[in-house]
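Residue numbers start from 1 in every chain, and the chains themselves are labelled A, B, ... in the order their sequence lines are given, proteins ahead of strands.
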Amino acid sequence: MNFSEKVYHYCKKIPKGKVTTYKEIGKIMKTKAYRAIGTALKNNPYAPEVPCHKVVRNNGDIGSYQGKFHNLKKSRLLGKEGIKIINNKIDLEKYLHKF
DNA sequence: CTCGTGACTTACG
DNA sequence: ACGTAAGCCACGA
């Protein structure tokens, strides 16, 4: 199992209505390659299978999506799952899924 | 092998 | 708060 596959694997583990951060993924994977995680998700060959939109920055910021500032779509998708976004940030106190 | 790039994080001014 | 710098690691050229 290579690095990218691990990332996808853990993304799939995120329950509906929850999100996680790059840092949390790095922690469970025992790596500090936060950047590499982002790179892997950018590739995201498992597009609908892996909910990469549930992965946000450590401070709750949305970050990017599909390589661009398509945060609008991302916000809407997250909102559909019951996640409220305030000032382009996610309330980690309520929605952060810890491994 | 080295280099550049990036959906990151932390620290500092 | 904001910008910059440094550290980090996978990936492709």
Side-chain angles (χ1 to χ4, degrees):
Chain A
M1 199 182 218
N2 53 29
F3 181 86
S4 301
E5 289 187 15
K6 282 190 203 168
V7 176
Y8 308 137
H9 175 75
Y10 285 115
C11 283
K12 280 190 280 190
K13 284 189 62 173
I14 304 172
K16 198 173 170 89
K18 290 286 186 88
V19 299
T20 194
T21 65
Y22 296 98
K23 194 177 184 183
E24 282 297 314
I25 295 176
K27 191 188 282 186
I28 189 62
M29 286 173 61
K30 310 254 191 272
T31 179
K32 297 130 193 106
Y34 312 117
R35 291 190 139 185
I37 294 170
T39 306
L41 287 182
K42 184 182 177 184
N43 297 323
N44 194 15
Y46 301 77
E49 186 180 345
V50 175
C52 49
H53 55 272
K54 291 185 183 169
V55 185
V56 298
R57 292 203 191 205
N58 194 43
N59 67 335
D61 210 5
I62 293 280
S64 291
Y65 184 56
Q66 294 180 341
K68 297 258 179 186
F69 277 82
H70 289 175
N71 295 357
L72 183 67
K73 182 177 182 181
K74 183 167 184 177
S75 310
R76 199 161 54 72
L77 279 171
L78 292 170
K80 272 190 155 190
E81 302 203 359
I83 298 170
K84 313 247 193 274
I85 298 174
I86 300 168
N87 198 0
N88 279 314
K89 291 197 171 58
I90 291 179
D91 190 344
L92 296 178
E93 295 289 303
K94 300 185 187 309
Y95 305 112
L96 175 60
H97 171 65
K98 295 164 194 166
F99 291 99

Listed by chain and number, what are the side chain to side chain contact (heavy atoms under 4.5 Å, CB included) partners of A:Lys89, not counting sequence neighbours?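 Only A:Asn59, A:Asp61 meet the side chain to side chain contact (heavy atoms under 4.5 Å, CB included) criterion with A:Lys89.
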Does A:Asn87 have any side chain to side chain contact (heavy atoms under 4.5 Å, CB included) partners at least two apart in sequence or in another chain, and if so, which?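 A:Asn87 satisfies side chain to side chain contact (heavy atoms under 4.5 Å, CB included) with no other residue.
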Check nucleotides 10-13 of chain B for protein N or O atoms closer than 3.5 Å to its own N or O atoms and list the pairs.
unit_1: B:dT10; atom_1: OP1; unit_2: A:Lys23; atom_2: NZ; d: 2.1
unit_1: B:dT10; atom_1: OP2; unit_2: A:Asn58; atom_2: ND2; d: 3.1

Tell me which residues in residues 79-88 of chain A lie within less than 4.0 Å of DNA chain C, going by non-hydrogen atoms.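 DNA chain C contact set from residues 79-88 of chain A: none.
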Near DNA chain C, which residues from residues 1-15 of chain A have a heavy atom under 4.0 Å away?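 Close to the strand are A:Phe3, A:Ser4.
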Taking any atom under 4.0 angstrom from a heavy atom of chain A, which nucleotides of DNA chain C are the first and last to qualify, 5' to 3'?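 Contacts span C:dG7 to C:dC11, reading 5' to 3'.
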Value in whole Å for how far the P atom of B:dA7 lies from CG of A:Leu77: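 Going from A:Leu77 (CG) to B:dA7 (P), I get 19 Å.
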Rounded to the Å, how far apart are A:Ile62 CD1 and B:dA7 P?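 About 16 Å, once rounded to whole Å.
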Considering non-hydrogen atoms only, spot the tightest contact between A:Val56 and A:Tyr22 and give its length.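 Nearest heavy atoms, A:Val56 then A:Tyr22: O-CD1, 3.1 Å.
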Of all heavy-atom pairs between A:Tyr65 and A:Cys52, which one has the smallest distance, and what is that distance?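 For A:Tyr65 and A:Cys52, the tightest heavy-atom pair comes out as CE1-SG, 4.0 Å.
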Spatial distance of atom [atom1] ([X]) from atom [atom2] ([Y]) [nearest 0.5 Å]:
X       : Y       : atom1 : atom2 : result
A:Tyr95 : A:Lys84 : OH    : NZ    : 5.0 Å
A:Leu77 : A:Ile83 : CG    : CD1   : 10.0 Å
A:His53 : A:Glu81 : NE2   : CD    : 4.5 Å

Not counting sequence neighbours, which residues clear side chain to side chain donor-acceptor pair (under 3.5 Å) with A:Gln66? List them please.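 Listed in chain order: nothing, the list is empty.
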Residue pairs fulfilling salt bridge (charged side-chain N to carboxylate O under 4.0 Å, His left out) with at least one residue in residues 37-46 of chain A, sequence neighbours excluded: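 Output for this query is empty, none listed.
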According to a hydrophobic-cluster definition based on side-chain heavy atoms being under 4.5 Å apart (Ile, Leu, Val, Met, Phe, Trp, Tyr only), do [X] and [Y] belong together?
X       : Y       : value
A:Tyr34 : A:Met29 : no
A:Phe99 : A:Ile37 : yes
A:Ile85 : A:Val55 : no

Nearest-nucleotide 5' precedence on DNA chain B, A:Thr21 against A:Ile37: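 Per heavy-atom nearest nucleotide, the more 5' residue is A:Ile37.
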Show me the side-chain donor-acceptor pairs of residues 8-21 of chain A shorter than 3.5 Å, one per line, residues at least two apart or across chains.
unit_1: A:Tyr8; atom_1: OH; unit_2: A:Ala40; atom_2: O; d: 2.8
unit_1: A:Lys12; atom_1: NZ; unit_2: A:Glu49; atom_2: OE2; d: 3.1
unit_1: A:Thr20; atom_1: OG1; unit_2: A:His97; atom_2: O; d: 3.4
unit_1: A:Thr21; atom_1: OG1; unit_2: A:Glu24; atom_2: N; d: 3.1

Expected output is a numbered-order residue list: members of residues 39-47 of chain A with a heavy atom under 4.0 Å from any atom of DNA chain B. What is it?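 Per residue number, the list reads A:Thr39, A:Leu41, A:Lys42.
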Which part of the nucleic acid, if any, lies within reach of A:Ala36 when heavy atoms closer than 4.0 Å are counted: base, sugar-phosphate only, or nothing?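 A:Ala36: base contact, heavy atoms under 4.0 Å.
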Determine whether a donor-acceptor pair (N or O, by modelled atom type, separation under 3.5 Å) exists between the side chain of A:Asn43 and the backbone of A:Pro45.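 Not at all, since once roles are kept as given, no pair shorter than 3.5 Å links the two residues.
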Exam field: side chain A:Lys74 to backbone A:Ser64, donor-acceptor pair closer than 3.5 Å: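 The answer is yes, because a donor-acceptor pair under 3.5 Å joins these two groups.
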